[in-house]
Number of protein chains: 2
Amino acid sequence: MSGEKNTEAQIIAAAKKIFMQKGLAGARMQDIADEAGINKAMLHYYYRSKDKLFEIIFNEAADNVFRVLSAILQSDMPFREMIAAIIDNYIDNLIKNPYLPVFVLNEIHQNPERIVSRFTKSGNSPDIQAFMDKVNKAQKKKQIRSIQPLQLLLNIVSMCIFPFAARPLIQTVSGASDQQWKELMEERKALVTEFILRALEP
Amino acid sequence: MSGEKNTEAQIIAAAKKIFMQKGLAGARMQDIADEAGINKAMLHYYYRSKDKLFEIIFNEAADNVFRVLSAILQSDMPFREMIAAIIDNYIDNLIKNPYLPVFVLNEIHQNPERIVSRFTKSGNSPDIQAFMDKVNKAQKKKQIRSIQPLQLLLNIVSMCIFPFAARPLIQTVSGASDQQWKELMEERKALVTEFILRALEP
DNA sequence: GTCTATAGCTGGATAGAC
DNA sequence: GTCTATCCAGCTATAGAC
């Protein structure tokens, strides 16, 4: 009875780290056990199988991706503030979770059904319709020029997420140190917001 | 002597398909053999090991990613045309190679040294400096407003590549069919170009 | 060159002692 | 609950016949 809750949490933390870095196929139960400072048998004792353990980690990660969007879409800030909030929150979140994009993108790609079911399961799926309504409303009011809402949303999340997915490549190409990388991403918060708002000027 | 050159090419084509979809860790030599219509032993006869075969496929894919950029960066078109050309070529290329982004991103992430060595090996590494010079020159001429060139480049490639990396998620969220997806991406060529040029207006 | 058979190893999962 | 030992499936790689 010594570990129990504690061991459980340690396993989740270790699994998160390993799965995020190596993906489902690349991760080894032994890696996770080592990371958690226990042995393989315990993993099965608590979480039955590799797949079950993975599912927990993946769902948590997928929810994380959605949550950032949906929280903001549900609020009713003015259009420009909403854009700024989406970008600020995404980039902040990704600075804290650098492996998230590649992990989620890769596993979705390997098994698309996973994300479909997670999205349908509602709870915190982002309300895309609400976003579209807001864009259309801002257009009617002549606050922004005409643009297809889905394409705008793609532009926003692309500019937020992609640099993190391509980080090793970007650091190689640009020769940026880890410190410079962080500064570059911090700069992006204001820069991307301004970039988008300028592009939308009527 | 029957197959020879032909068999070799068949193996590469099959390996490309399987590795692109499943990645290094997820792919099985048996999958590749099945796809090529031969048996496992042949793979080793021609390419020695799984790692060697993978390296060939990965290098080809990485070069592809770089080539799109470097060809345009080497030409000396006017600034606005260069932007349009980068976007057109990237999106066209990705419509033809939908698995490319996730594959390259994921494998770079698993083993960053791979891309570093590929980039250093020159040949067709994109000339980032040339891009930066062009942006600075356009700024001096007051053709565009002030922006850090690297950030601009990130914005451009992000908007081109990310949607393809996130395709299953986007189709789920938006409910787009495969046909609608293709139309959406075709639309993006003009849309992203206009979006960027508007954001850069002085 | 191409195939079948199999060696040799890795890794997920379980049995059973404590 | 936790550990050690072990089973067994699946995989890469090779040996050897044709």
Side-chain angles (χ1 to χ4, degrees), chain A residues 1-61 99 103 106-107 109-111 113-114, chain B residues 1-61 99 103 106-107 109-111 113-114:
Chain A
M1 63 157 87
S2 67
E4 235 172 307
K5 200 76 196 178
N6 192 29
T7 307
E8 234 170 296
Q10 266 179 296
I11 292 174
I12 292 297
K16 188 172 173 179
K17 181 169 175 186
I18 301 297
F19 278 135
M20 287 264 183
Q21 286 183 37
K22 309 198 174 186
L24 173 56
R28 301 287 157 246
M29 292 297 265
Q30 187 63 58
D31 297 338
I32 297 173
D34 291 348
E35 178 70 30
I38 55 170
N39 70 63
K40 274 196 299 177
M42 293 298 287
L43 301 180
H44 290 97
Y45 176 80
Y46 279 104
Y47 297 100
R48 189 86 192 154
S49 72
K50 185 183 178 183
D51 280 345
K52 292 242 187 286
L53 185 52
F54 176 81
E55 207 178 342
I56 293 170
I57 305 301
F58 176 82
N59 285 340
E60 200 181 302
Y99 291 128
F103 173 71
N106 187 48
E107 299 300 339
H109 174 94
Q110 297 304 319
N111 188 352
E113 295 76 42
R114 255 200 279 272
Chain B
M1 62 158 88
S2 67
E4 233 171 309
K5 200 76 196 176
N6 192 27
T7 306
E8 234 170 294
Q10 266 179 297
I11 292 174
I12 292 297
K16 188 171 173 180
K17 181 168 176 187
I18 300 298
F19 278 135
M20 286 264 186
Q21 286 183 37
K22 308 197 175 186
L24 173 56
R28 300 289 156 241
M29 291 298 264
Q30 187 62 60
D31 298 337
I32 297 173
D34 291 348
E35 178 70 31
I38 54 169
N39 70 64
K40 276 193 298 176
M42 294 297 287
L43 302 179
H44 290 96
Y45 176 81
Y46 279 104
Y47 296 100
R48 190 84 193 156
S49 72
K50 184 184 177 181
D51 280 345
K52 292 241 187 288
L53 185 53
F54 176 82
E55 207 177 342
I56 293 169
I57 304 302
F58 176 81
N59 285 340
E60 199 182 302
Y99 291 127
F103 173 70
N106 186 49
E107 299 300 338
H109 174 95
Q110 297 304 318
N111 187 352
E113 297 76 43
R114 256 200 279 270

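Just so we're on the same page: letters track the sequence lines, and every chain starts at 1. Since this is a predicted model, take the numbers as computed values, not measurements.
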Item to check | Whole-Å gap separating P (dT12(D)) and CG (Leu53(B)) | outcome: 11 Å
Item to check | Given dT12(D), dA13(C), dT14(D), the nucleotide with the shortest approach to the side chain of Ser49(A) | outcome: dA13(C)
Checklist outcome for this item: Against the side chain of Tyr46(B), the closest entry in dT2(C), dT12(D), dA13(C) is dT2(C)
Checklist entry - Does a nitrogen or oxygen in the side chain of Thr7(B) sit under 4.0 Å from OP1 or OP2 of dT2(C)? => result yes
Checklist entry - How would you label the contact of Ala27(B) with the nucleic acid (heavy atoms, under 4.0 Å): base, sugar-phosphate, or nothing? => result sugar-phosphate
Next on the checklist: Within the 4.5 Å heavy-atom criterion, are Met42(A) and Thr7(A) side-chain neighbours or not?
Outcome noted: yes
Checklist entry - Per the atom types in the model, does the base of dG12(C) pair as donor or acceptor with the side chain of Lys40(A) at under 3.5 Å? => result yes
Checklist entry - For the pair made of CG in Asp34(B) and P in dC11(D), what is the distance, rounded to whole Å? => result 11 Å
Checklist entry - Just how far, in rounded Å, is P of dG1(D) from CD1 of Ile11(A)? => result 12 Å
Checklist entry - Given side chains that start at C-beta, do those of Gln110(A) and Leu24(A) come closer than 4.5 Å, heavy atoms only? => result no
Item to check | Value in whole Å for how far the C1' atom of dC7(D) lies from NE2 of His44(A) | outcome: 13 Å
Item to check | Length of the CD1-C1' vector between Ile32(A) and dT10(C), whole Å | outcome: 16 Å
Next on the checklist: Side chain of Arg28(B) only, heavy atoms from C-beta on: which candidate in dT2(D), dC3(C), dC11(D) is closest?
Outcome noted: dC11(D)
Checklist entry - Taking the side chain of Ala41(B) as its heavy atoms from C-beta onward, which of dC3(D), dT2(C), dC3(C) lies nearest to it? => result dC3(C)
Item to check | Length of the CD-C1' vector between Glu8(B) and dT2(C), whole Å | outcome: 15 Å
Item to check | Atom-to-atom span, NZ of Lys50(A) to P of dG11(C) - whole angstrom | outcome: 9 Å
Checklist entry - Looking across every strand, which nucleic acid part, if any, lies under 4.0 Å from Met29(B) by heavy atom: base, sugar-phosphate, or nothing? => result sugar-phosphate
Checklist entry - Does the ring center of Tyr99(B) lie less than 6.0 Å from the ring center of His109(A)? => result yes
Item to check | Selection from dC3(C), dT2(C), dG12(C) that lies nearest to any side-chain heavy atom of Tyr45(B) | outcome: dT2(C)
Item to check | Rounded distance in Å - CE (Met42(A)) to C1' (dA15(C)) | outcome: 16 Å
Item to check | Arg28(B) side chain reached by Lys50(B) side chain, heavy atoms, under 4.5 Å | outcome: yes
Checklist entry - Which heavy atom in Phe54(B) sits nearest to a heavy atom in Arg114(B), and how many Å separate them? => result CE2-CZ, 3.5 Å
